[in-house]
> 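Structure below; questions to follow.
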Amino acid sequence: MADSLIIKNLNASIGDRQILKNFSLTIPKGEVHAIMGPNGTGKSTLAKVLAGHPDYTVQSGEATLDGQPILGQEPDSIARAGLFLAFQYPSEIPGVTIANFIRAALIARQEKGAPFDAKAYYAELYAKMDALKMDRKFTSRFVNEGFSGGEKKRCEILQMMMLKPKYAVLDETDSGLDIDALRIVSEGVNHMRGPSIGCLVITHYQRLLEYIVPDRVHIMYDGHIVHSGGKELAVELEAKGYDWVKKELASA
Amino acid sequence: MSENDESQAQREAIEVDRTKGDFKYAEDYAFDAGIGLNPQVIDYISKVKGEDPWILEFRQKALKIFNDLPMPTHWATQDLDSIKFDSIRYYLAKGQKPVRTWEEVPEDVKETFERLGIPESERKFLAGVEAQFDSEAVYSRMKDELEKQGVIFCGPTEGLRDHPDIFRKWFGKVIPAGDNKFAALNSAVFSGGSFIYVPKGVKVAQPLQAYFRINAENFGQFERTLIIADEGSEVTYMEGCTAPKFETATLHSAVVELVALKGAKIQYITVQNWSANVFNLVTKRGVAEEDAEVRWIDCNIGSRLTMKYPGVVLRGKRARGEVLSIALANDGQHQDTGAKMIHAADETSSNIIAKSISVGAGRSTYRGLVHMPKTLKNCKNNTECDALLINEHSRTDTYPAISVRGQKNSVQHEASVSKVSAEQIFYMMQRGLSEGEAMSLAVNGFVNDLVKEFPMEYSVELKRLIELQMEGSVG
Ligand SMILES: Nc1ncnc2c1ncn2[C@@H]1O[C@H](COP(=O)(O)OP(=O)(O)O)[C@@H](O)[C@H]1O
Ligand SMILES: [Mg+2]
């Protein structure tokens, strides 16, 4: 399957702690998958390992993006190959405006020295901001500096919409959002949904999945997926709680 | 020849690499003072220039002062001891008289400046340009209308010879030869630089620019600049400097004196992009009379060691002084910079904003001096020093010296140190930026609010230089 994000038997650690243990998952393009799991189980680790974070060591396994291996690549090559990570805790970049930041990211995807159509860029940026109900003034604010939790997440989705990745990993994008913001952010994601993108939505709560309805739901525990199912699995998990996972599924 | 071979051949012919300033042409000089420093070298320089006896005397006295003064290693870096004054060439020139059209400039020199974009920017936004190649200006031209208004834009030789009534009064007065060891050295061997006079009430709308280029190895460049803005006049001056990468150390030691008479405004802008073997030891000071303003915009990129503390003596009531500086110290570089504000009249105000960036094992030091004696009242100073460290090995030190004694004087001092974290770099790289691009974005963000104060053309150039430096700093 060339048109998928495929993760096979991935083992990864940070320091001397083994976090991902034989993790496998395939996300075909056009589908939205959700990963749910208790805190500390390795969800963010998975996102960062895929994105090439230098702090993690990959012992074994593979990950391919439309057939192209990504493990061991530099984070920027992986990003330009089409992987986008919406961070659970986005960094602040003082002095750099959102407009300049996204512009720099787009220029990094162009051929060196190619002209940049600033007019078209702003038109698109404003349209996407309108869709996310973001004030135009946001373009001149510095990336994530002094943003509320909800503003940070909206800013992540804005970047995703502008950069148009082939695969997007959204790490707890729902945390810190009130219901209105949650709806808006979900609309943004749903708007992007389609045959040309695959999404992995990481969440702790079922709530988000009422807005972004997943094709598949996976339950992660202790560094790997212990159970997979349809969207109803999220509801079941919410009802039974994570203790159910620990008791029933961990032993399975 | 294929396109590839052709560009290869071109590269070999002029020894260029991707850093813009790093190329050089063959050395063939009609005037050469030889190697080392002694009274005969000074006689030679003065004779070649056809100077009046008083200037030769000024030079010889300065040489004695230079020899007598110790190296300031008791407070400055020991690295100064690695300057070998005996193996430096103090005067190299292809000719004595700058020409007025680019066509007349010798071919290789012309190519040098064309590669650096000089004639192009002259056409675009400058009121006048002077281009110095090693010891002498090779080209100098100012718009005719300014000449008609009485603006003088020339070198020190012409300035002191043709307009002694204007320049002699101030020459060596703002910065006397004995000010410090390197000011003494410059006073002994100075050559090239800009002497500018702006008559009363004349406001020069576009900047005047000088470009200083070192081409020869083991060479010392000692330009001398004196700008006098007469009452109510205004002028902006920009200087740019580059040198190719040499194996051995090269010395650049300038003296810049500014005089802003009553109600005048001088803005002096430096775009420095020295290669990593240049010792850049420059003394810059301005005098601001009543209601006058002197503003230094000083950006120090590159060099092995830069020591530079632009100052303003606020001599008249309500005079204003400002230093806005950016220093970028890459691996193996030390930027020792700062500002001096000497308040010498009531109601004077000064502002210092210094931003430094240390990359890799780069080191930046801020030294500030703000002096307000107790006889004065209603003086104000604001000082802000911000340092940005990129990775653990870089280093920054701040030495603010503030002596404020008057009752109704006020000073504000703020300092901050921040770091570009690995998480920030990862975040930016996850958006597709290379490590170098991510770092230069972070650096540009850090200097952003200050750069907004700079003229447009200059901020674009600065941004580009920062990008070059940051790209070069990632392995
Ligand atoms: N820098 C680190 N050093 C050591 N352990 C870490 C580090 N970062 C995360 N961990 C540990 O790795 C485990 C997985 O963390 P994480 O992937 O963030 O979990 P999740 O996103 O599922 O809550 C946790 O037990 C956490 O404490
Ligand atoms: Mg997490």
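In the text below, chain A, chain B and the rest are named by the order of the sequence lines, each starting its count at 1.
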> Atom NZ of residue position B/K463 - does it have more than 12 heavy atoms of other residues, nucleotides or ligands inside 6.0 Å?
no
> Evaluate the criterion side-chain contact (heavy atoms from CB on, under 4.5 Å) for residue pair B/L433 and A/F101; output intermediate values, then yes/no.
CA-CA 10 Å; B/L433 303 177; A/F101 184 54; 4.1 Å; yes
> Any idea which heavy atoms bring B/L441 and A/V96 closest together, and the distance?
O-CG2, 3.3 Å
> Which atoms of B/Q424 come close to chain A, meaning under 4.5 Å heavy atom to heavy atom: side chain ones, backbone ones, both, or neither?
both
> If you count heavy-atom pairs within less than 4.5 Å of chain B, which of A/P54, A/A108, A/P75 leads?
A/P75
> Judged by atom type as modelled, is there a donor-acceptor pair below 3.5 Å linking the side chain of B/R431 to the main-chain atoms of A/A105?
no
> Picking from A/G52, A/A81, A/S91, which has the most non-hydrogen pairs under 4.5 angstrom with chain B?
A/S91
> So, the side chain of B/Q430 versus the backbone of A/D76: is there a donor-acceptor pair under 3.5 Å, distance only?
no
> I'd like to verify something: which residue of A/R80, A/E74, A/R109, A/H53 has the highest number of heavy-atom pairs under 4.5 Å with chain B?
A/H53
> Within a radius of less than 6.0 Å around CD of A/Q110, do more than 12 heavy atoms belonging to other residues, nucleotides or ligands occur?
yes
> With side-chain contact (heavy atoms from CB on, under 4.5 Å) as the test, would you mind laying out the steps for A/E92 and B/Y427 before giving the verdict?
CA-CA 9 Å; A/E92 296 179 0; B/Y427 182 76; over 6 Å; no
> Under a 4.5 Å cut-off applied to non-hydrogen side-chain atoms, are B/M429 and A/S77 in contact?
no
> Mind checking what makes side-chain hydrogen bond (donor to acceptor under 3.5 Å, both in side chains) contact with B/E322, not counting sequence neighbours?
B/R295, B/N351
> Is there side-chain contact between B/E423 and A/Y89, with heavy atoms separated by less than 4.5 Å?
no
> Do any of residues 135-156 of chain A come closer than 4.5 Å to chain B, heavy atom to heavy atom, and if so which ones, in number order?
A/F142, A/V143, A/N144, A/E156
> Nearest 0.5 Å, what's the CG-CG distance between A/N100 and B/N444?
9.5 Å
> By a 4.5 Å heavy-atom criterion (distance strictly below it), what part of A/I78 contacts chain B: side chain, backbone, both, or neither?
neither
> Is the number of heavy atoms from other residues, nucleotides or ligands under 6.0 Å of A/K164 NZ greater than 12?
yes
> Which region of A/P90, side chain (C-beta onward) or backbone (N, CA, C, O), has a non-hydrogen atom less than 4.5 Å from a non-hydrogen atom of chain B, or is it both or neither?
both
> What's the shortest heavy-atom distance between A/A79 and B/G432, and which atoms?
CB-N, 3.6 Å
